[in-house]
Amino acid sequence: MIDLRLVREQPDVVRASQRARGADESLVDALLAADAARREAVRRADDLRAEQKAASQAVKKASPDERPAVLERAKKLAAEVKAAEEEQRAADAALRAAHLAVPNVVAPEVPPGGEDDAVTLRTVGTVPAYDFPVRDHLEIGEALGAIDTERGAKVSGARFYFLTGPGALLEFALAQLAITRAVAAGFTPVVAPALVRPEAMEGTGFLGAHAEEVYRIERDDLYLVGTSEVALAGMHAGEVLDLAGGPRRYAGWSSCFRREAGSYGKDTRGIIRVHWFDKVEMFSFCTPEEAATEHARLLAWEEEFLALLELPYRVVDIAAGDLGTSATRKYDIEAWFPSQGAYRELTSTSDCTTFQARRLGIRYRDADGKPQIAATLNGTLCAIARTIACLLEVHQRSDGSVHVPEALRPWLGGHELLTPGMSLAAAPGPAAA
RNA sequence: GGAGGCUUCGCCUAGUCCGGUCUAUGGCGCCGCACUGCUAAUGCGGUUUGGGUUAACCCCCAUCCCGGGUUCAAAUCCCGGAGCCUCCGCCA
């Protein structure tokens, strides 16, 4: 939810933001109208309640003679209050609906345009040249005994997979490296629930435009999260946080589930787009003043991680029309996939300013001790399945083996290469962890 | 899955049986002032969170886990739900 004061005081800013997103500008005026209507309804109900309270007191003090008349008046007022409260409830609901319909205000620096208008901020690393026909990650993974999508489909359906042998080890190696780096950077590591209640899903904005993407367990009224962001944001819902010492940072590990409705036919091969994967997600709570700086830090930590994996990538500044509902600004990191000859999204970091926190009631105390709405930010540290796919492709060799980045070796038995048919036992020598 | 207990304004707590100055008591913490030849003790005052109104102060409304209901009137009575705790059952 955006700040209603901003809508009242600078509606043009919000209208401009809607234009930039390619969203409906009239929603802003609808919101203003709903806001005014609600305030009117509140005033009426408040005034009536005050009158009724006095009348109710009078009942008690009335002499036996006066009592019937006074009681009659109190009853009449009670009925009026009930009607006024009904109207207020309707006005509240209308305002909420209008409020939820408006996405976060786009930061002024965000590039204009839609999906194809992201601006590349920088390209890092060299795209490797291969003097042999490159294989895609599935072909490599199958040869290594690392990925099995056929049996994944047998057991669970399309877009499911098994990670086996070196693939399973890679999963843990990436998770370990990500969590280790996050802890070194001061994050609190968290293992978060993957099933959440509707309020958490709603509060983080995933039941709006993305509702079709979400798995729901109807029988228990729970949702499977598409990212641990949901649980991490919900973790402090309704709390007043102490942010005097700077941002509060969590690195959450969880499985993530996505229905991938509407992506039929896209990335059907391999494990780039799947219904389930595990992910280490960074999440920050901070003051609104710190948010933009924090966003840059999250991006820096993402870049540092890709550097450790020795993956070439580029950083793109997502255009206004392609921003998520909650984001004021978003950077994606796209890594090179040789089999596709293209950069594909590997991580994403969004600055949600106060948009999520307002809905979830996450606050902090300012210098005057007054509660204020906090800002929230999120960023992928490592989406494991897709990262494995990228690693296998980029680091492939002509003989079907795969180079292991040094940073991952401590968790891969010290091996410098993954080779078809290899033993997974630790490599001999001092390199072994 | 079954039975019982609990949830009060930062923390602890009185109040709930038997509805009405509950405008919610007290302690701790915190803030201010006073006093004292030291930032200790003491005394006095303040201290929930939202919303409405306002230039601001004031004032008004709501808020005793949440949502309904009964009533002129609900922290208090009734129904539903959530969370926590204890016990039984089942279980990785």
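Below, chain A is the first sequence line, B the second, and so on; all start at residue 1. All values below come from the heavy atoms of this structure, side chains included, with hydrogens, waters and symmetry mates left out.
Rounded to a whole angstrom, the distance from the P atom of B:G80 to that of B:C90 is 29 Å. A distance of about 22 Å separates the P atoms of B:A55 and B:G50, rounded to the whole Å. For the P atom pair drawn from B:U16 and B:U7, the interatomic distance equals 12 Å after rounding to whole Å. Taking atom P in both B:C11 and B:C18, one finds a spacing of 31 Å when rounded to whole Å. Annotation: B:G2 and B:G15 have their C1' atoms spaced 33 Å apart (nearest Å). A distance of about 16 Å separates the C1' atoms of B:C61 and B:U54, rounded to the whole Å. For the C1' atoms, the distance from B:A74 to B:G83 is 23 Å, rounded to whole Å. Distance noted for atom C1' between B:U13 and B:U8: 9 Å (whole Å).
A donor-acceptor contact closer than 3.5 angstrom links the side chains of A:Asp332 and A:Ser348. A:Ser339 and A:Glu393 are linked by a side-chain donor-acceptor pair at a separation below 3.5 angstrom, with hydrogens and angles left out of the test.
Across all strands shown, B:U23 remains unpaired; no Watson-Crick or G-U wobble contact has both distances below 3.5 Å. Applying the Watson-Crick and G-U wobble criteria (two distances, each under 3.5 Å), B:U47 pairs with B:G29. Across all strands shown, the partner of B:A3 is B:U86, judged by Watson-Crick or G-U wobble contacts whose two distances both fall under 3.5 Å. Nucleotide B:A41 forms no Watson-Crick or G-U wobble pair with any nucleotide shown, as no partner meets the under 3.5 Å limit on both distances. In this structure B:A75 sits in no base pair that meets the Watson-Crick or G-U test at under 3.5 Å. The nucleotide B:A56 finds no pairing partner, because no Watson-Crick or G-U wobble arrangement with both distances shorter than 3.5 Å includes it.
Nucleotide B:C60 holds its C1' atom 13 Å from the CG atom of A:Leu48, rounded to whole Å. With rounding to whole Å, A:Glu239 atom CD is found 13 Å from B:G10 atom P. Rounded to an integer number of Å, the gap from NZ of A:Lys53 to P of B:C60 is 8 Å. When rounded to the nearest whole Å, the span between CZ of A:Arg8 and C1' of B:G52 equals 10 Å. Per the geometry, CZ belonging to A:Arg38 stands 17 Å off P belonging to B:C61, to the nearest Å. Note: CZ (A:Arg197) to P (B:A82) measures 7 Å, nearest angstrom. For the pair A:Asp242 CG and B:C30 C1', the computed distance is 14 Å after rounding to whole Å. Between the P atom of B:G50 and the CG atom of A:Asp92 lies a distance of 17 Å, rounded to the nearest Å.
Salt-bridge formation is not detected for the pair A:Arg43/A:Asp47: no Lys NZ or Arg NE/NH1/NH2 atom is positioned less than 4.0 Å from an Asp or Glu carboxylate oxygen.
For the side chain to side chain donor-acceptor pair (under 3.5 Å) with A:Arg329, the lone residue among A:Asp351, A:Thr349, A:Asp317, A:Thr353 that qualifies is A:Asp317.
The 12-atom threshold is exceeded at CD of A:Glu289, counting heavy atoms of other residues, nucleotides or ligands nearer than 6.0 Å. The neighbour count for A:Glu115 CD, taken as heavy atoms of other residues, nucleotides or ligands under 6.0 Å away, does not exceed 12. Applying the 6.0 Å contact sphere to CD of A:Glu406 captures no more than 12 heavy atoms from other residues, nucleotides or ligands.
Checking B:A62, B:G52, B:A82 against every side-chain atom of A:Arg49, the shortest atom distance belongs to B:A62. Considering only side-chain atoms of A:Ala50, the nucleotide from B:U53, B:G50, B:C60 that sits closest is B:C60.
Within the structure, salt bridge (charged side-chain N to carboxylate O under 4.0 Å, His left out) contacts touching residues 136-163 of chain A (residues at least two apart or in different chains) are A:Asp136-A:Arg269, A:Asp148-A:Arg151.
Nearer to the 5' terminus of RNA chain B, by closest-nucleotide assignment, is the contact made by A:Pro371 (compared with the other of A:Pro371 and A:Glu85).
In this structure A:Thr328 satisfies the side chain to side chain donor-acceptor pair (under 3.5 Å) test with no other residue, sequence neighbours excluded.
Contacts of A:Arg73 with the nucleic acid, taken as non-hydrogen atoms under 4.0 Å apart, are absent.
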In 5'-to-3' order, the base (B), backbone-only (S) or no-contact (-) status of each nucleotide in nucleotides 67-72 of chain B, using a 4.0 angstrom heavy-atom cut-off, is -S-S-B
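At a cut-off of 3.5 angstrom, the base of B:G52 holds no donor-acceptor pair with the side chain of A:Asp47.
Phosphate proximity of B:G51 to A:Arg43: absent, as no side-chain N or O sits under 4.0 Å from OP1 or OP2. Under 4.0 angstrom from either OP1 or OP2 of B:U49 there lies at least one side-chain N or O belonging to A:Arg365.
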